[in-house]
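Note sheet for the following structure.
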There are 2 protein chains.
Amino acid sequence: MKDIADKLGVSSVTVSKALNDKEGVSDNLKIKIKKVAGEMGYRFNSAAKSIKDGLSYNIGVMIPHRFTGVNESFYLRVYQEIAIHLDHYGYFGILNILSNEDEEQLNFPRVYSENKVDGIIILGQVGKKYIETVQNMELPKLFLDFYDEHADIDSIITDNFYGAYEITNYLIQCGHREIAYVGNIYSTSSIQDRFLGYYKSLLEHGLSYDEQLLLNDRDERGTYIDIQLPEKMPTAFVCNCDQVAYNLCERLTSLGYSIPQDFSVVGFDNDIYATLANPQLTTVEVDIQEMARTAVKSIMDKVANPNRRNGRVLVQGNIIYRDSVRKTN
Amino acid sequence: MKDIADKLGVSSVTVSKALNDKEGVSDNLKIKIKKVAGEMGYRFNSAAKSIKDGLSYNIGVMIPHRFTGVNESFYLRVYQEIAIHLDHYGYFGILNILSNEDEEQLNFPRVYSENKVDGIIILGQVGKKYIETVQNMELPKLFLDFYDEHADIDSIITDNFYGAYEITNYLIQCGHREIAYVGNIYSTSSIQDRFLGYYKSLLEHGLSYDEQLLLNDRDERGTYIDIQLPEKMPTAFVCNCDQVAYNLCERLTSLGYSIPQDFSVVGFDNDIYATLANPQLTTVEVDIQEMARTAVKSIMDKVANPNRRNGRVLVQGNIIYRDSVRKTN
DNA sequence: CTGAAAGCGCTTACAG
DNA sequence: CTGAAAGCGCTTACAG
């Protein structure tokens with residue numbers, strides 16, 4: 001900046017004003033300054049600005065390491081969309097994989113202790129203890145894809161309840177009356193919330209809930225187990241996620257059944273398993289774009305106004321109609 | 001820092017030295033200062049340090065948008081590993097999705113023009129024109145997973161050639177003599193390099209190359225096409241990637257063949273398709289960890305010493321032995 | 001072992 | 001419309 005000023009015989013203050021399109025510089029001079037800046041390959045030093053206004057223009061996105069396995073790309077996709085949206089605000093995203101070690105030892109993330117970010121999005125459920133650590137960070141923060149009833153921290157989550165409710169309604173519209181739910185409802189809150197949506201749909205349509213039709217899909221540690229099919233089979237299965245729906249389809253097919261002729265199967269997520277299944281699955285698409293958009297808007301609001309509260313925001317999914325459901329009416 | 005200094009009646013210089021474990025402060029005082037800093041919730045201001053030493057302690061990772069489709073998570077995984085490795089160096093990773101628009105208009109990325117990073121890793125092939133733009137950036141830079149013969153920029157790539165060579169050798173060791181290669185060798189340089197590894201293996205073993213056994217899998221725009229099986233079938237197929245191997249297995253199975261009894265099939269990448277295939281695929285694992293580790297080491301070297309050149313570095317994969325190959329001897 | 005001074009690149013408030 | 005001065009939080013080189 002100083003070099004540009006010297007070259008044109010003006011002060012660096014004037015250069016600063018011109019480059020930022022502020023008042024107090026003649027249009028003529030502004031143009032000249034910008035031209036010279038371009039020619040000299042001037043690059044703005046964002047660190048100097050940061051030190052002035054105390055803003056880093058970065059947002060940290062923290063993902064617990066255990067959610068980043070070989071075949072789990074959901075959170076990475078969300079992060080990607082967040083990065084794209086942050087760009088619209090002139091911000092950047094810094095990815096922070098929270099190691100199990102840091103989570104256990106309740107360490108603050110380095111992005112925080114080094115003042116690298118103006119806000120932080122926690123993407124994926126962290127342990128109860130760590131939530132307290134998060135609460136102690138004096139920074140705008142946001143839970144994404146989970147919430148904690150005890151922590152007074154805004155969160156953005158998929159509307160699991162409503163999505164499962166809608167897709168169960170759809171099955172009923174198609175004439176199904178005996179509908180099973182597949183998932184361990186004590187495993188995660190999203191599996192449980194999806195179950196409750198399924199349950200509400202049954203209630204509303206006057207269908208009785210049959211405990212025999214609640215099928216377990218994983219043990220308490222989250223490892224998939226073989227699904228125990230009920231003695232009296234339903235005509236349709238609401239699965240808590242596409243991967244389980246995929247597994248179920250494979251299972252039923254290997255037993256000689258056809259889908260959707262013999263049984264209808266629906267999933268949740270609209271991930272890769274929905275299109276790999278044969279036939280492709282009717283499912284509830286989790287709206288990653290919208291989640292990222294909402295999350296970025298929310299955290300930027302908080303950066304501008306630290307007292308801003310948005311509470312729990314639900315992002316609705318969309319039913320994707322494919323070929324795994326049979327109309328029986 | 002000043003607050004801490006005031007509280008203890010020392011100067012901020014002393015506080016700085018103590019917090020950085022530098023010489024010139026008594027151990028006693030150091031301990032006291034660190035204690036007070038902790039109590040006061042002191043957070044280091046990295047922007048101030050940045051402005052002093054001209055380093056941002058960030059590395060930009062740029063991924064062209066077209067490589068980030070719904071079912072493509074490979075580059076995101078690489079980015080994730082890069083972020084983890086950067087952490088060891090006290091650095092952070094800033095993800096930059098390069099939009100088609102920016103790529104066409106040859107715009108510098110904002111991470112560059114705002115001096116947000118000390119180096120940049122370009123992850124995934126960018127257009128010829130844009131490579132020139134990259135070359136014009138006065139910053140350490142590195143191509144990851146591709147290279148350009150005209151650009152004098154260091155690159156790190158998977159050893160496609162050697163991986164395909166090794167896995168073809170393995171098929172030959174298992175007794176196969178008629179071996180097909182599946183892939184459009186004019187589509188990407190990795191498909192071509194993998195083909196050449198296959199070809200070398202044939203040559204070394206005195207097997208003749210039969211053009212009829214080069215099977216196309218995609219059109220010039222990269223869209224998968226139905227694979228045209230040859231009249232005289234081989235006993236094994238080397239596929240250019242796991243997804244194509246998966247498709248081929250489905251195809252052969254639907255034609256009534258069994259794998260590996262009737263035909264052996266191998267893939268490349270060791271991605272999700274390798275484990276989804278039935279039977280699971282023997283394949284070449286691309287070593288994401290090692291690529292990320294090497295890339296981070298290389299870019300950090302360059303940050304420390306801008307003249308450092310590493311040339312083209314090949315990262316070898318590992319053969320993963322599963323159940324899609326039959327021993328015929 | 002400790003600290004006063006200067007400087008990194010920018011912006012803001014104020015004076016001319 | 002233009003610019004001199006001060007300051008953001010830190011570190012380095014130097015003096016005591």
Side-chain angles (χ1 to χ4, degrees), chain A residues 1-34 36-38 40-58 90 110-118 138-139 303, chain B residues 1-34 36-38 40-58 90-92 110-118 138-139 303:
Chain A
M1 228 173 219
K2 210 178 167 194
D3 294 344
I4 301 173
D6 287 351
K7 185 147 193 171
L8 286 168
V10 298
S11 81
S12 58
V13 177
T14 305
V15 175
S16 170
K17 284 175 186 161
L19 258 23
N20 288 302
D21 266 327
K22 295 243 165 105
E23 294 186 345
V25 186
S26 64
D27 286 354
N28 226 330
L29 188 51
K30 268 190 194 173
I31 293 170
K32 221 187 285 180
I33 289 173
K34 284 181 187 172
V36 172
M40 294 177 68
Y42 168 74
R43 287 194 285 148
F44 180 73
N45 187 323
S46 56
K49 183 169 166 62
S50 287
I51 206 175
K52 274 296 286 184
D53 51 29
L55 250 29
S56 65
Y57 299 99
N58 294 141
R110 240 179 68 230
V111 282
Y112 175 71
S113 42
E114 294 181 10
N115 261 306
K116 273 280 194 175
V117 296
D118 300 336
E138 292 168 16
L139 209 61
V303 169
Chain B
M1 230 174 218
K2 209 177 164 193
D3 294 343
I4 301 173
D6 288 350
K7 186 148 192 172
L8 286 169
V10 296
S11 80
S12 57
V13 177
T14 305
V15 175
S16 169
K17 284 175 185 161
L19 258 25
N20 288 302
D21 265 329
K22 294 244 166 105
E23 294 188 344
V25 187
S26 64
D27 286 352
N28 227 330
L29 188 50
K30 269 190 193 173
I31 292 169
K32 221 187 283 180
I33 288 173
K34 285 183 184 172
V36 173
M40 293 177 71
Y42 167 75
R43 286 194 286 146
F44 180 73
N45 186 324
S46 56
K49 181 169 168 60
S50 288
I51 205 175
K52 275 296 285 184
D53 51 30
L55 251 27
S56 65
Y57 299 99
N58 295 141
Y91 265 68
F92 289 106
R110 240 180 67 233
V111 281
Y112 175 71
S113 43
E114 294 182 10
N115 260 306
K116 273 280 195 173
V117 296
D118 300 337
E138 292 168 17
L139 209 63
V303 169

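Letters A, B, ... mirror the listed sequences (proteins, then strands); counts begin at 1.
- One interatomic measurement links the two molecules: CG of Leu8(A) to C1' of dC1(D), which rounds to 16 Å at whole-angstrom precision.
- Not one side-chain nitrogen or oxygen of Ser26(A) sits closer than 4.0 Å to the OP1 or OP2 atom of dC1(D).
- Looking at residues two or more places apart in sequence or on another chain, you find a side-chain contact (heavy atoms from CB on, under 4.5 Å) between Asn45(B) and Ala47(B), Ala48(B).
- Remark: Tyr112(B) engages Phe108(B) in a ring-ring contact (aromatic ring centres under 6.0 Å, His included) (not counting sequence neighbours).
- At whole-Å resolution of the value, CD1 in Ile33(A) and C1' in dC1(D) are 11 Å apart.
- Shown here are the side-chain hydrogen bond (donor to acceptor under 3.5 Å, both in side chains) partners of Ser50(A), two or more places apart in sequence or in another chain: there are none.
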Under the rule of Watson-Crick or G-U wobble with both distances under 3.5 Å, where | means paired to another strand and [ ] a crossing pair, DNA chain D maps to |||.||||||||.|||

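- Atom OG of Ser46(A) is separated from atom CZ of Arg110(B) by 9.5 Å, given to the nearest 0.5 angstrom.
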Indicate every side-chain donor-acceptor pair of residues 11-18 of chain B with a distance under 3.5 Å to a residue at least two apart or in another chain.
from     : atom 1 : to       : atom 2 : distance (Å)
Ser11(B) : OG     : Val13(B) : N      : 3.3
Ser11(B) : OG     : Thr14(B) : N      : 3.3
Ser11(B) : OG     : Thr14(B) : OG1    : 3.3

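- Listed by chain and number, the residues in a side-chain contact (heavy atoms from CB on, under 4.5 Å) with Lys34(B) are Leu19(B), Asp21(B) (sequence neighbours excluded).
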Quick one, give me the B/S/- string for nucleotides 7-16 of chain C, reading 5' to 3', where B means a protein heavy atom under 4.0 Å from the base and S means that only happens at the primed atoms, P, OP1 or OP2.
-> BBBBBB----

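- Taking Lys52(A) as the reference, nothing meets the side-chain contact (heavy atoms from CB on, under 4.5 Å) condition, with sequence neighbours excluded.
- Not counting sequence neighbours, the partners of Asp53(B) by the salt bridge (Lys or Arg N to Asp or Glu O under 4.0 Å) test are Lys49(B).
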